[in-house]
Amino acid sequence: MTKALFHHLVRIVSVCCALLLFAAVLHAPSAYYWLLRTVISIGASLVIIKNIATTFWVLLFAIILVLFNPILPIFLYKKGLWAPIDILAGLLFLIEVIINRPKKTKVVTTNEKAKTFNRDRIL
């Protein structure tokens with residue numbers, strides 16, 4: 001897998017994670033939250049791998065990975081406690097996608113010959 005393809009895949013997964021986190025604020029069955037924890041863990045792991053050289057992003061998404069891990073889940077039994085965490089984590093996924101998007105590069109091609117004029121020549 002090429003680096004550009006991996007970065008594109010991480011961007012798609014990050015947007016899906018953000019959408020799932022925003023939907024988690026609404027009332028849903030408990031199976032949705034298990035799925036949410038699994039998908040968010042995978043997404044946070046991919047973002048950490050993508051940004052391994054940037055300590056800031058690694059630390060933020062490591063916290064998200066710990067909060068949303070499905071193996072040893074952290075239970076905050078009130079929905080009111082999880083709602084701001086879900087919204088903040090969703091915003092972090094979107095902010096990471098926007099800030100770390102690929103830069104547009106201009107391709108400059110010059111097919112023109114350098115023009116020379118008789119007046120420019122030194123005799």
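Atom set for the values below is all heavy atoms of this structure, side chains included, hydrogens, waters and symmetry mates excluded.
Among pairs with a residue in residues 66-75, none fulfils salt bridge (charged side-chain N to carboxylate O under 4.0 Å, His left out), at least two apart in sequence or across chains. For residues 12-22, there are no salt bridge (charged side-chain N to carboxylate O under 4.0 Å, His left out) pairs, not counting sequence neighbours. For residues 57-74, no residue pair satisfies the salt bridge (charged side-chain N to carboxylate O under 4.0 Å, His left out) rule, not counting sequence neighbours. Residue pairs meeting the side chain to side chain donor-acceptor pair (under 3.5 Å) criterion with at least one partner in residues 12-25, sequence neighbours excluded, are absent. Residues in residues 58-75 take part in no salt bridge (charged side-chain N to carboxylate O under 4.0 Å, His left out) pair, two or more places apart or across chains.
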Show me the side-chain donor-acceptor pairs of residues 15-33 shorter than 3.5 Å, one per line, residues at least two apart or across chains.
{"unit_1": "Y32", "atom_1": "OH", "unit_2": "L20", "atom_2": "O", "d": "2.6"}
{"unit_1": "Y33", "atom_1": "OH", "unit_2": "A24", "atom_2": "O", "d": "3.3"}
{"unit_1": "Y33", "atom_1": "OH", "unit_2": "L26", "atom_2": "O", "d": "3.1"}
{"unit_1": "Y33", "atom_1": "OH", "unit_2": "K79", "atom_2": "NZ", "d": "2.4"}

Could you pull out all donor-acceptor pairs under 3.5 Å where a side-chain atom in residues 2-11 meets a protein atom, sequence neighbours excluded?
{"unit_1": "T2", "atom_1": "OG1", "unit_2": "L5", "atom_2": "N", "d": "3.3"}

If you look only at distance, which donor and acceptor atoms sit under 3.5 Å apart when one is on a side chain in residues 50-60 and the other is two or more places apart or in another chain?
{"unit_1": "K50", "atom_1": "NZ", "unit_2": "E96", "atom_2": "OE2", "d": "3.3"}
{"unit_1": "N51", "atom_1": "OD1", "unit_2": "N100", "atom_2": "ND2", "d": "3.3"}
{"unit_1": "N51", "atom_1": "ND2", "unit_2": "V47", "atom_2": "O", "d": "3.2"}
{"unit_1": "N51", "atom_1": "ND2", "unit_2": "E96", "atom_2": "OE2", "d": "2.9"}

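Scanning both residues, P70 and T38, for their nearest heavy atoms gives CB-OG1, 3.9 Å.
Linking Ile, Leu, Val, Met, Phe, Trp and Tyr whenever their side-chain heavy atoms come within less than 4.5 Å puts I95 and I85 in one cluster. Taken together through direct or relayed side-chain contacts under 4.5 Å among Ile, Leu, Val, Met, Phe, Trp and Tyr, I64 and I98 form parts of separate hydrophobic clusters.
Cluster partners of I71, by chain and number: L72. The rule joins Ile, Leu, Val, Met, Phe, Trp and Tyr whenever side-chain heavy atoms lie under 4.5 Å apart.
Residues satisfying the side-chain contact (heavy atoms from CB on, under 4.5 Å) test with L65, not counting sequence neighbours, are S41, A44, S45, I48.
Aromatic rings from W82 and F75 are positioned such that their centres are separated by 6.0 Å or more.
Interatomic distance, CD1 of I40 versus CG of L35, reported as 9.0 Å (0.5 Å rounding). One distance of note links CD1 of I49 with CZ of F61; it measures 13.0 Å at 0.5 Å rounding.
Contact of the F68 side chain with the I42 side chain is not registered, since no non-hydrogen atoms from C-beta on lie closer than 4.5 Å.
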